[in-house]
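Written out below as structure tokens is the structure these notes cover.
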Number of protein chains: 4
Amino acid sequence: MTVDTAISSPRWTRRKDARPAEILDAALELFVQQGFAKTRIEDIAQRAGVTGGAIYRYFPNKDALLEGLIRDSLLADLDAMSAKLRQREGKVSDMIADALWGWWQTFGGGKLSGLCKLMVAEGDNFPALREFYFEQAIEERCGRLIDFLLRKGIAQGEFYVIDVDYTVKIIRSSMLMTQIWKNSFAHSEREALDMRRYFNAYAELLLAGLKQKEPQS
Amino acid sequence: MTVDTAISSPRWTRRKDARPAEILDAALELFVQQGFAKTRIEDIAQRAGVTGGAIYRYFPNKDALLEGLIRDSLLADLDAMSAKLRQREGKVSDMIADALWGWWQTFGGGKLSGLCKLMVAEGDNFPALREFYFEQAIEERCGRLIDFLLRKGIAQGEFYVIDVDYTVKIIRSSMLMTQIWKNSFAHSEREALDMRRYFNAYAELLLAGLKQKEPQS
Amino acid sequence: MTVDTAISSPRWTRRKDARPAEILDAALELFVQQGFAKTRIEDIAQRAGVTGGAIYRYFPNKDALLEGLIRDSLLADLDAMSAKLRQREGKVSDMIADALWGWWQTFGGGKLSGLCKLMVAEGDNFPALREFYFEQAIEERCGRLIDFLLRKGIAQGEFYVIDVDYTVKIIRSSMLMTQIWKNSFAHSEREALDMRRYFNAYAELLLAGLKQKEPQS
Amino acid sequence: MTVDTAISSPRWTRRKDARPAEILDAALELFVQQGFAKTRIEDIAQRAGVTGGAIYRYFPNKDALLEGLIRDSLLADLDAMSAKLRQREGKVSDMIADALWGWWQTFGGGKLSGLCKLMVAEGDNFPALREFYFEQAIEERCGRLIDFLLRKGIAQGEFYVIDVDYTVKIIRSSMLMTQIWKNSFAHSEREALDMRRYFNAYAELLLAGLKQKEPQS
DNA sequence: TATGAATGAGTTTTCATTCAT
DNA sequence: GATGAATGAAAACTCATTCAT
């Protein structure tokens, strides 16, 4: 109003640019925990340090939050690893255990792992998003990584796999399930898993399976 | 039946005994598809062939529908198989493929498979139910079946497993994931799986892994 | 259906004529306690030993229960006393204490006393009934009794009252209030009154007031 | 104010501070008139100039409206008078008529008089509130005022009362009944009372009763 | 820009009343 | 006659969204 206000610092200068990310962060946690429908805009706002109305300055509606989560947050975190792995040399058998555990540490076990549970839960209500998530997260990343390693191992004579395509799907499933478990049943303390041990046992089992010489009856 | 009854059909018919099951059936389908919160009582009622109010004669509130689904519907369908499998004789290697595919056909791929997705999605909102589901469905059935076969195979000298407990968890996870997949991503036609082929490939991989002679580094 | 049923006693012969009264009895208690709107037909039925639907054989709807209570139950109980009192001879001063206590014992303190509270509570929603109750119960009975005694006492030179009409209203009010109190605040144990003592003290105070020789300033 | 604002009136205006009182005002009127159960939130809202949902910003549920009425509104209006009366000097006989009429004018006949009827009607459904009302409104105020005047009159030799405690209850009852009457039967135009005349006659009768020289048999 | 009061379109739940049995 | 399953019309409460401040 008065000229004075031009001098004193405005009330809400607080990192204007960080807001959308903060809001999505809050939304992610709550959506994953309670589900999309049960989560209230007001709760997201509070966790993000703003009030309900403010959210609408950055997102046109509630659906857009979920969309933002999938389309924007997801892809940003998704590229580093797969690139990294393709460059490696050496025995694929040795790479696989590392690759799986590395995947868990950089991505699978992180915050965005919740998106997998979220898409399982809400996918039917947002088919376009599910499609997108499936393509980008499941096929393009998980799947392609496995596919790459598997075929390399076969080419190098290390692995003997009959149905390569479906074996990829099987391994991919295991990876997804660790994300889902972490965000659902693992919340019951009785069932938290020792993930290091889990991945050790998994690599053990998987590698032995891949190295088989004679097909099973 | 008689000509008289054809004059005007009654506004409703009395179906006391069948109603609860019909209602739970409808609820199951909708809860699994849309999630608990998004599903309207009125929609469940309509699919069950009644009006909203009628549901409250059989269930005190919406939560009770979910509870009925988990506590009543689940257990009813859960006993036949595990008993059946324990009686078998012969090589465990031969049993495992049968057991997994049998599980999928009698239970894993049936309607109630949706409960797994449902508990993943809503577990945080109904911790007591999740606990119950985990104990009864995951541990007591899936887990124990695997545990039984695995230890039997080891005892008979067919399998060589280092970390038995976690290997059980790993295999159990795969089974759960087929249920989850069927009720989520598989809805996108691009990703429907050929389950026969999937289980074949899985048995292949798994058995080879279990039969390993030398532990991996 | 068959001829046999004509011999065996029918299922519901139970005093067909008593039903309406039993239902009204149940309704009275619940209406007075919980109010008209809060009381459910089903609860009335249960207390009367029937099921909800049966009530509609005797009363067309919920309102009719209240109407039956006021119009039928009330008047039946209302005539004996006032007639009784008018016949007495002797000093009115001696009669008044007896009359009040007698009123309390035969009517004021009985079950139907609840009607007074009920009409206070629901009168605005049933103006015709309130009018009826006011005329029949308050004016015609309470009021007329007091009026009769008061004027008789004045005529006999025992009482000196300036504003007879309003003095009647005042005394009448006291009587109504005992009924209301009994059905409301008296339910809190701390405030149950010793009604014998109450009426003693009241007669004391009232008679002294009526016998005054000199008007107050 | 300015010409600009006249163009189109806003859908609503912000009245944060006034709202709770406005809502309680509306609720009081409707609760007293129709009873708690019969009164719809929407009606209260409309009378308060808002929509139904807005009420829930200030009160968590319908019960809280009643509670707010009793616990907040009541006490605010209750202190002035009793303090005022205790300070007076002179003959108690002269004070009593004034006290009663003063009570009626400042409190007994005001809007909040409806609370008395309301607690009579709904007390059984809200026992804690009834208790509170009884203690604060009936005993602490009405009762104590009467008690004080009565004992003072006795001490000064003006009154001769045998059972002081119950005489207090009797007079207290009369006061309550005026409130109840005003909010129930008085609504029927035939029975509106001339309250000035009523209190005159009452003071007349009461004082004469209190001044009695010889106890009645 | 941010706030948070207010709206209004739902959704669950209740219950008087009807009616098939 | 009586039952109680079913209806359908409320009514309390919730919450995404808007908008005055």
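Note on naming: letters A, B, ... go to the chains in the order of the sequence lines (proteins, then strands), and numbering restarts at 1 for each one. Remember, predicted model here, so these are calculated numbers, not experimental data.
The distance between atom CZ of A:F59 and atom P of F:dT17, rounded to the nearest whole Å, is 13 Å. The interatomic distance linking A:I44 (CD1) with F:dA16 (P) rounds to 8 Å, in whole Å. Between D:R40 atom CZ and F:dA9 atom P there is a gap of 15 Å when expressed in whole angstrom units. Here E:dA16 presents its C1' atom at 17 Å from NZ of C:K38, a figure rounded to the nearest Å. Atom pair D:I41:CD1 and F:dA11:C1' shows a separation of 9 Å (rounding to whole Å applied). Rounded to whole angstrom, the span from the CD atom of B:Q34 across to the C1' atom of E:dT11 amounts to 14 Å. We find that OH of B:Y56 is positioned 22 Å from P of E:dT17, with the value rounded to whole Å. The separation between C:Q46 atom CD and F:dG4 atom C1' is 13 Å, rounded to whole Å.
A cation-pi arrangement, defined by a distance under 6.0 Å to the six-membered ring centre and an angle within 45 degrees of its axis, is absent between D:K38 and C:F36.
Remark: D:N61, D:K62 in residues 61-69 of chain D come within less than 4.0 Å of DNA chain F through at least one heavy atom.
When the nearest nucleotides of DNA chain E are assigned to B:T39 and D:G49 by heavy-atom distance, the more 5′-ward of the two goes with D:G49. Each of B:V50 and A:P60 was assigned the nucleotide of DNA chain F with the nearest heavy atom; the assignment lying further toward the 5' end belongs to B:V50. Mapping B:A54 and A:G53 onto DNA chain E by nearest heavy atom places A:G53 at the nucleotide closer to the 5' end.
Put simply, the side chain of C:R130 gets close to the backbone of D:S184: a donor and an acceptor are under 3.5 Å apart. Side chain of D:E42 to backbone of D:T51: no donor-acceptor contact under 3.5 angstrom is found.
At the heavy-atom level, D:R57 lies under 4.0 Å from base atoms of the strands shown.
Taking every side-chain heavy atom of B:T51 into account, F:dT7 is the closest of E:dG4, F:dT7, E:dA2.
Using the Watson-Crick or G-U wobble rule with both distances under 3.5 Å, E:dT21 pairs with F:dA2. A 3.5 Å limit on both hydrogen-bonding distances identifies E:dT13 as the Watson-Crick or G-U partner of F:dA10.
Between C:E29 and C:K111, at least one side-chain nitrogen of the basic residue sits less than 4.0 Å from a carboxylate oxygen of the acidic one, meeting the salt-bridge criterion.
Using a 4.0 Å cut-off, no side-chain N or O of B:Y58 falls inside it from OP1 or OP2 of F:dG4.
Other residues, nucleotides and ligands contribute only 12 or fewer heavy atoms inside 6.0 Å of the CD atom of C:Q46.
Contact of the C:F31 side chain with the C:L65 side chain is registered, since non-hydrogen atoms from C-beta on lie closer than 4.5 Å.
Note: B:R47 CZ to B:L30 CG = 4.5 Å, rounded to the nearest 0.5 Å.
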